[in-house]
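Reviewing the structure listed below.
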There are 2 protein chains.
Amino acid sequence: MNKISDNRGSDRRSQLRERNREALVEATLDCVAELGIARSSVSEIIARAGLSRGMIHLHFETKDNLLKAAIERANEIYYDELAVLLRQAGPSPQETIDAVIRSDLSENVLNRRYISIWYAFRGEAREREVFRRLNDTRDERMRTIILEAFLPMLREQGTPDAELVARDATDGLIALLEGMWNDYLLHPDAFDRDQACRVAFRFIAGLLPDYFTFAGATHKVSAK
Amino acid sequence: MNKISDNRGSDRRSQLRERNREALVEATLDCVAELGIARSSVSEIIARAGLSRGMIHLHFETKDNLLKAAIERANEIYYDELAVLLRQAGPSPQETIDAVIRSDLSENVLNRRYISIWYAFRGEAREREVFRRLNDTRDERMRTIILEAFLPMLREQGTPDAELVARDATDGLIALLEGMWNDYLLHPDAFDRDQACRVAFRFIAGLLPDYFTFAGATHKVSAK
DNA sequence: ATTGCAAATGGACAAACGTCCATTTAACAT
DNA sequence: ATGTTAAATGGACGTTTGTCCATTTGCAAT
């Protein structure tokens, strides 16, 4: 009987196939990180992957699809790190905020390769809808996490207009972290991870003095 | 006598020449804003400028030099706006900070065209030294202005470690403004200029409650 | 051992790229 | 009015681009 390849990845055949697909995505990310999107040609990518020209057409149809797969992969890296730190953090709102800040500034995402890739795609974001969507780490998912952490703290603290302030604090924190990434992009050598962390907490502590100091969340009861 | 063209721009000849040079730079910026750097080809640029192919070679030797001239122009736009608002502002440190924030969020720089151009070049910044340098509006010049405004306020307020806090506040404000630009790039329709302003002042007010509220600098004695 | 077929190869292809230059245009000096 | 020369033109050039496909490779079922 003619079994149409079912791509389960169980047999050696499709394992090798999948590995080559991965190699293309990784080579693309390397290329984008080092040369930028404009200079990331098919020839350059396949040379780095050590594969043949035709592979891109076989796995992705077009170069644009390959770029799309690459930015999807970059997006995963970010959310994986965030998920890990959120799981490690305790349940209190201040610990959630603490985890968000530390994951954003962690070496797993805030490194030369990742930030180069990130801003390369962002530079092309205005025209390509997919790029814009996937490049926006600070999307609704992220916003909701932060907002729902700020709100109970502000309410308990008795801040007037807690809802409005919570939204402002959320947008401010997101913008601040984004700006830190940018600073890293332009001055990777001078960048000081601890200082960036301290700055973020200083700003937040101004709005939530009961919950934060410049050193991080207070009254930590972290389980782990 | 053989007068070698002295490019003073006094005669009609070199006036026209200069106008064409300008047209090329402007067409390049339009192109970069709408298509990104990757898709900004020589053909596309000269079509928009309404000039002939050879003009780029005549005026800029190579396409790379044209791009360099374009980012230099973009840089001017930013600093011109900042200079105007700083001149309009009063002499007090809180008014200086106020001017910096408002110029960064002003419609003259925070608009679709300009921000698109800005992030397009930034995406290529890692590899091209010129791009990195010119794309960094928040360079030493800007840093010094902000730092020297924060410092006397923190000292007068009696904040411990005023120097350290001033540096943190400077880096924080710069990062925050940068993050606002990014937010505008990704969500130009949803972006709220007034809210962005309020968020910035809220964060600063946390460190300098005597000088700022969420609405801006207090005790304004602005001359004009 | 033989066969079948998905996976992978690398050269061919037209299109598009940046650069260059022989020619034309038109502003200025005479 | 005429000659001179800088400015501007647009087609030609050799590369490089992304895509495609006839061929080869090698895993797995027979």
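Chain letters run A, B, ... following the sequence lines, proteins first and then strands; every chain starts at 1.
Taking the six-membered ring for Trp and thresholds of 30 and 60 degrees, A:Trp181 and A:Tyr114 have ring planes more than 60 degrees apart, a perpendicular arrangement. Relative orientation of the A:Tyr119 and B:Tyr119 rings is parallel, given thresholds of 30° and 60° on the angle between their planes.
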Which atom pairs, donor and acceptor, lie under 3.5 Å between side-chain atoms of residues 165-173 of chain A and protein residues at least two apart or in another chain?
{"unit_1": "A:Asp168", "atom_1": "OD1", "unit_2": "B:Gln195", "atom_2": "NE2", "d": "3.0"}
{"unit_1": "A:Asp168", "atom_1": "OD1", "unit_2": "B:Arg198", "atom_2": "NH2", "d": "2.8"}
{"unit_1": "A:Asp168", "atom_1": "OD2", "unit_2": "B:Arg198", "atom_2": "NE", "d": "2.7"}
{"unit_1": "A:Asp168", "atom_1": "OD2", "unit_2": "B:Arg198", "atom_2": "NH2", "d": "3.2"}
{"unit_1": "A:Asp168", "atom_1": "OD2", "unit_2": "B:Arg202", "atom_2": "NE", "d": "2.9"}
{"unit_1": "A:Asp168", "atom_1": "OD2", "unit_2": "B:Arg202", "atom_2": "NH2", "d": "2.9"}
{"unit_1": "A:Thr170", "atom_1": "OG1", "unit_2": "A:Ala166", "atom_2": "O", "d": "2.8"}
{"unit_1": "A:Asp171", "atom_1": "OD1", "unit_2": "A:Arg143", "atom_2": "NH1", "d": "2.2"}
{"unit_1": "A:Asp171", "atom_1": "OD2", "unit_2": "B:Gln195", "atom_2": "NE2", "d": "2.7"}

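At least one side-chain nitrogen or oxygen of B:Ser41 sits closer than 4.0 Å to the OP1 or OP2 atom of C:dC17. Put simply, A:Ser43 has a side-chain N or O that comes within less than 4.0 Å of OP1 or OP2 on D:dT17.
Sorted by residue number, the members of residues 51-63 of chain A with any non-hydrogen atom under 4.0 Å from DNA chain D read A:Arg53, A:Gly54, A:His57, A:Thr62, A:Lys63. DNA chain D lies under 4.0 Å from no heavy atom of any residue of residues 18-39 of chain A.
The base of D:dC27 is paired with the side chain of A:Arg13 by a donor and an acceptor separated by under 3.5 Å.
Residues B:Thr96 and B:Pro91 come closest through the heavy atom pair OG1-O, 4.4 Å. Nearest heavy atom pair, residue B:Leu151 against residue B:Glu163, reads CD1-CA, 3.8 Å.
Aromatic ring centres of B:Phe131 and B:Phe121 lie closer together than 6.0 Å.
If you measure from atom CD of B:Gln15 to atom C1' of D:dA7, you get 14 Å, rounded to the nearest angstrom. Atom-to-atom, CG of A:Asn65 to C1' of D:dG18 comes out at 13 Å; the value is rounded to the nearest Å. A:Ile46 has its CD1 atom 16 Å from the P atom of D:dC20, to the nearest Å.
Counting heavy atoms of neighbouring residues, nucleotides and ligands inside a 6.0 Å radius, atom NZ of A:Lys63 exceeds 12 of them.
Residues A:Glu22 and A:Arg73 are paired through a salt bridge, judged by an N-O separation under 4.0 Å between the basic side chain and the carboxylate.
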